[in-house]
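These numbers were taken from a predicted model, which means no experiment stands behind them. Each chain gets a letter, A, B and so on, in the order its sequence line appears, and its residues count up from 1.
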Amino acid sequence: MAVLLRIQGLVAGYGEARVLAKVDLVLEQGKSLALLGRNGAGKTTLLDTIVGVTTHHAGAIQIDGKDVTRLRAEQRTPLGIGWVPQERNVFRSLTVEENLTATARPGSWTLERVYQMFPRLKERRRNLGNQLSGGEQQMLAVARALMLNPKLLLLDEPLEGLAPIIVDELLAALRRIVTDEGMSAIIVEQKARKVLPLTDDVIVLERGAVTYRDTSAALLAAPETLDAYLSV
Amino acid sequence: QDVVKIGLVLPMTGPFASTGRQVEAGVRAYMALHGDTAGGKKIEVVLRDDAGTADQTRRIAQELVVNEGVSMLMGFGLTPLAMSVAPVLNQAKIPAIITSATTSAIMKQSEYFVRTSMAGPQSAVPVATWAVENGLKRVVTLVTDYGPGHDIEKGFTDQFKKEGGEIVEAVRVPLQNPDFAPFLQRVRDAKPDAIFVFVPSGVGSVFMKQFADRGLADAGIKLIATGDVTDDDLLNAIGDPALDVITGHFYSANHDSPENKAYVEQVKKAANNMRPNFMSVGGYDAMHLAYAALEKTGGDTDGTKLVEAMKGMEWTSPRGPISIDPATRDIVQDIYIRKVEKVGDELYNVEFATYEKIKDPFAAQ
Amino acid sequence: MLTILFDGIAYGMLLFVLACGLSITLGLMNFVNLAHGAFAMAGGYITVIMMNRYGISFYWCLPAAFFVTALIGVLLERTLYRRLYKSSHLDQVLFSIGLVFMSIAAVDYFMGGQQQLISLPPELRGRFDFFGVGIGRYRLFIIVLCAALTVALQLALTRTRFGSQLRAAVDDGRVARGLGINVSVVFALTFALGSGLAGLGGALGTEILGLDPNFPLKFLIYFMIVVTVGGTSSITGPFVAALLLGIADVAGKYYVPQAGAFIIYGVMIMVLILRPHGLFAREGGR
Amino acid sequence: MTAALETRNLVKRFGGFTATNDVTLSVRQGARHALIGPNGAGKTTLINLLTGVLAPNSGQILLGGEEISRLPTHARVGRGLSRTFQINQLFGDFTPLDSMMLAIGERQGHGGMAWRPLSRDRAVADEAAALLKRFRLADAMGVATTLLPYGKQRLLEIALAIAAKPKVLLLDEPAAGVPEEERHEVLSLVRELPADVTVVLIEHDMDLVFSFADRISVLAQGALFAEGTVAEISKDPQVKAIYLGEDA
Amino acid sequence: MSDKALSASETASGLLKRAGRWQIWEIALWLIAIAMIFVLPSKMLILTEITILALFAVSLDLILGYAGIVSLGHTAFFGLGAYVAGIFARDYVSEPVTGLLVAGAVSGLFGFVTSFLVLRGSDLTRLMTTFGVAMLLAELANQAAWLTGGADGLSGVMITPILGLFEFDLWGRNGYIYALVVLMVLTFIARRIVNSPYGLSLKAIKRNPVRAAMLGISPTRRIVVVYTIAAVYAGIAGALLTQTTSFVSPDVLAFHRSADVLLVLVIGGTGYLYGGIFGAIIFTVLRDWLSVITPQYWMFWIGLILIIIVMVGRERITRWQAFLPGSARAERLKARKAAEDVR
Ligand SMILES: Nc1ncnc2c1ncn2[C@@H]1O[C@H](COP(=O)(O)OP(=O)(O)OP(=O)(O)O)[C@@H](O)[C@H]1O
Ligand SMILES: Nc1ncnc2c1ncn2[C@@H]1O[C@H](COP(=O)(O)OP(=O)(O)OP(=O)(O)O)[C@@H](O)[C@H]1O
Ligand SMILES: [Mg+2]
Ligand SMILES: [Mg+2]
């Protein structure tokens, strides 16, 4: 299978500060990856670096075989990146619908389709971004990323603040998207046990470096290892 | 050779910068035409900008006195600016020649003020007389709402009523006023014979255009004004709307005398083809007064002696014959009634009647 | 009576064209651009130079004022402004005031300090009577032009994707870029639009307001009042505010001239006491 | 016995949308009460109404039997109401120490003292230090809040609410963003509070809710949908259908 | 952290003490200001002007730097103080210290009344309401000519010697000493206020009003108080201007003064009280120097300098403080380092 994302020796951070230390990563098309680690391990930083909104210090990033290391964030998106930032960052002075359409790209994900997935958003579609409940904002952020019709979906704690029933639905939907539509996904999540059953591979970050990588099934099968990496 | 320093304090920046520019041009023109020595001393002018702010004026004046050791002060673009230096003069006992500020009240603040610009209503009074003589009986006055405006309104009104005219309405326009429409409409609706106007010169040009645009002239309302409105410097830019406007003032760049010809030429040459206006002639005459006083004292720079020397001084200025009233230290001058006409390609205030030796009507009160 | 209303509307409209560029940069881009008046002044001087030096028709001057000022805007945006989007409002104030000072002195140096005046084409001069209402031709021209402009702007900013992208970029530039919006282009274009409009306003305003190097400071306040009273979340807000203030000011000065200078400030304070975020603030909007 | 916190027929509308629909709720003193419900059910809105961030369209709020619906936020805090926010609300460049000094000083009514140097408030400083230590923030007490890792900020958010020594503490998703393994620890700090402190918890993590709460209210579409003990709610088929899903 | 061994409460009180401690550069600044009396006797007038502007800016810093209220009409209080001092000296008592107190009181009262206008709304709203108040006051001063002298200004203000002892001389020496003493006293008071629990609560309101209210702070009352104090300060600054120049013109209420003081404060930096003082020094000296060199075009250069200041970054310019031992900024840098350790 084709390699969608290849990261080599990546060092990045904020301004002078270096958060990531030599991260290597390969993700194939149609595969999903769980990205785990404690608070402050650098998970968000890694996603942000793939998107292109952090300071890059060294290393290379390839998407779909194209070197994007030198490209700015807005130049990378057209190559097929869909991003759900950790803090949701819904555009506050845009309505729900404007939030969805402002950045949308043509493809199979349309307004109707995301509304179908999140009926709640359809009900609130004339609300301004900052008048949504926490969970609604989370849904909007995911829907917004889908509207970009990406090849690679980057989800930073997408389950946070969602009702249990929605969590289940969303995870099931993500699974379908990855297997049926060949979209790839990297999911950062605190609730490791929720996402591992649905992802193919997993890596664990610690202080900006990858300290564990295996298939998700393997990690699930070894609960002690999981505890060792994730508990305090 | 000894140096006598003259401190010239003017608003060179800010909304009144054009006053400063004109006065400075007048001062420089005088020195260009008459050299830089008087009474055996070399004259040096120290120019400072007060940006039209009274406490700056005062500080600068005080600094000029204590640090630069100037023997005379000169300038002061606005009434409050002049007012603010009065305490300095009284303490330091040096003369200050006012080149621009016009209200009557200033002169009482210090024995050391001498004025070569004009006293507020000086030019308004003859306009009132002329108006009545020429059959304009019902008049609306429109002045800018500040000291000089009030003075002029009163000067005009008093004289106009005395001569038997009727003031239909007195309108005051705020100093910060972008649009004259409501005021002009009010004037129009009052249907007077004429409107008498005083607004500061820059604003005057805007006023003139709006006056023309609103068709007041077509409605049979004549425009009479003090010369500020048809400022020589701006007259060409105002263009045709200014034609035929009647104003009374002490200076026109078109004044027919050899002194004036030389003066206008010199200013144009030195200041980028700028036409001198009534403000610059104030600066020119201030320099003349300073030179003449120094000649008279034989170079003595004692302040009291200089002021004494200035009192009663008479000379022919580019504006015509003028003198300093020994009692009030204020200027006595002829006021001309002028009409805006085309002279060659350019517009000028053409003088056609003269009221001689006009004093500040309020000085006696 | 109706004449006063008409004059008020025209004055309000003029205020609006002058201020709407500011409501774009301040309201939409959240940049406190006190140099807005300097752009308006640039438009004014472009008109003056074109008409008085080269005798070009007034009608050509208007688009020229718009485009040349917009170009100046873009140049400054690319070189200077762009570095300050993330700075605090106070930094922006300091910077833009600096720009105002420089522009005042520079214009003074090149053009002189005196009032600049233009002569309108004859068909725009004077007035005509319409059922007893005196209508100034030029004022009518301003009203028509501004009304068209307002509608166009309102549509452009609320109905187009560009409008959404602009607001998104302002809300959160980092995430906007991460989602593929070319924030710097969006900002540059918007800034160009804002300064172009200022230039157009300056060109239109020269005749009525006069033009001298102090223009940027003298009128800044009026622009700010319009934008504040209208609220910063839309274009219609400032539009209505400009009309309200224009009419209140003109009518107030006509009927109670003694209180002339108090009116505009009084109205502003009243509105802001009742509606602290301006007349048309969206709840939760900026 | 009067309830610690009570609402009567509380209604809040945003335009035509009813976010809180006639909610009548009673929480007894010392309760560990959880408030759950689908996204957008109106939980945060309810907390905002209770604390005075929003004004209700109608209805009443009673704190310890006293009507507080018309009081401004700070007055409600003064009467013993405190909360954390769903999204951290901290003081940017304040250090945790500054923040705690502020919170404790205010509780003791020192906030109006303009003439006493902060450093002379020894008692307040000691209490602040003790509380910071309890929340594992002692090492970071001199560091600007924004520079702290998210988890620490979350702890500070909760510590601030507790510093007010509330009678009723409202927690809006306190564990959001905290890793699975640390969540229980956050709540254990809350559980350590004196037994007479009433706690109302909003949370979507059912493990936490079920282990923490003794009573649960379910909101849906702005209205009270169900109420009962943990056992009752967790088995309620309707709650499962609209909120919990199958595997809870 | 080096002091890990210390108990938490000792660390805490250590940190708190350090925050309020007198810094070397502060003391140096005041000593230099005093030394000026002997070193630069010919510059007393401009030094007085700086001192007055500094006090005015300190007053603005109290509301802007600490409570986060931007004002474009702060000169309302300055001007009011100036007029009150002038009228009071003309009609009642011409002794300056009395006048100062009266002017401060009247200004403070006006500040108290108008403070209710700045309680709500965004920055822009506050900017414009304060501005509007100042403009209304300016217009009032212009219209009430019987009291204020209108546009001509209030003349005939005779100021008798300070406390009956020290006369205002032409060199401005006593004027400077007088203004400096007032500035020092008021700055010390302000310093004490901002380092108190009350000061802390102001800073909190500025940073996050929602949370501040949730800690039981009533923003209204705190803001009203600080606004009133700032008004007193500004009024006293205005009175100083009147007394050292024995003249008041409507200019004291003009817009450019509000703008200038804002510029001054922003140049010097907000929120540490001395910003106003440094700003006043920089701004006045620069302007005076430039306007002597080029009376017509000094604005251009001031503008350029402002832009350069912003472009280089005010932070970077004021960073000099960090290199002084024991400064608050040095502490902050150290804290930043400590933050890394915590991770
Ligand atoms: N804007 C920033 N500037 C400087 N440092 C930052 C910034 N954002 C994060 N950091 C630091 O970078 C490190 C990694 O943070 P990151 O957010 O990537 O971790 P994370 O694994 O996503 O943690 P969490 O589980 O809390 O989301 C942390 O030490 C954090 O303090
Ligand atoms: N200012 C507002 N204007 C309009 N609607 C609003 C406003 N604030 C909230 N809402 C709506 O009210 C509803 C309730 O929101 P609330 O934040 O109380 O939900 P919640 O129960 O806390 O949900 P979550 O679990 O997702 O945090 C939401 O649908 C939201 O869109
Ligand atoms: Mg993260
Ligand atoms: Mg919520």
* Does Ser9(E) reach the side chain of Asp126(D), with side-chain heavy atoms less than 4.5 Å apart? ->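 Side chain of Ser9(E) against side chain of Asp126(D), heavy atoms only: contact under 4.5 Å found.
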
* Asked: So, Arg211(E) side chain and Leu90(D) main chain: donor-acceptor pair closer than 3.5 Å or not?
  ->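 Not confirmed, Arg211(E) side chain does not pair with Leu90(D) backbone.
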
Below 4.5 Å, heavy-atom pairs only: which of [options] has the largest tally toward chain E?
options: Ser99(D), Gly112(D), Ala163(D), Gly105(D); result: Gly112(D)
options: Arg79(D), Arg120(D), His110(D); result: His110(D)
options: Thr51(D), Leu81(D), Val77(D), Val124(D); result: Val77(D)
options: Arg76(D), Arg116(D), Arg107(D); result: Arg116(D)
options: Ala129(D), Ser119(D), Ala114(D); result: Ala114(D)
options: Arg83(D), Lys133(D), Met100(D); result: Arg83(D)

* To do: Check the pair Ile217(E) / Leu102(D) against side-chain contact (heavy atoms from CB on, under 4.5 Å), numbers first and verdict last.
  => CA-CA 9 Å; Ile217(E) 301 172; Leu102(D) 179 74; 3.9 Å; yes

For the residue pair [X] and [Y], what are the closest heavy atoms and their distance?
X: Trp115(D); Y: Ser196(E); answer: N-CB, 4.2 Å
X: Pro219(E); Y: His74(D); answer: CD-CD2, 4.4 Å
X: Gly111(D); Y: Ser201(E); answer: O-OG, 3.8 Å
X: Leu15(E); Y: Gly142(D); answer: CD1-CA, 3.8 Å

* To do: Look at Arg222(E) together with Glu106(D) and state whether they make a salt bridge at an N to O cut-off of under 4.0 Å.
  =>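 Yes.
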
* **Contacting region of Glu157(D) [heavy-atom separation from chain E under 4.5 Å]** =>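 Backbone plus side chain of Glu157(D), per the 4.5 Å heavy-atom cut-off to chain E.
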
* Below 4.5 Å from any heavy atom of chain D, which atoms of Ile229(E) appear? Answer side chain, backbone, both or neither. =>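 Neither part.
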
* To do: Answer with side chain, backbone, both or neither: which region of Lys203(E) has an atom nearer than 4.5 Å to a non-hydrogen atom of chain D?
  =>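 Both parts, heavy atoms under 4.5 Å.
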
* Any idea which of Arg221(E), Met214(E), Lys17(E) has the most non-hydrogen atom pairs under 4.5 angstrom with chain D? ->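 Result: the option with the highest number of such pairs is Met214(E).
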
* **Stepwise side-chain contact (heavy atoms from CB on, under 4.5 Å) test for Leu215(E) and Phe91(D)** => CA-CA 12 Å; Leu215(E) 294 177; Phe91(D) 298 110; 3.8 Å; yes

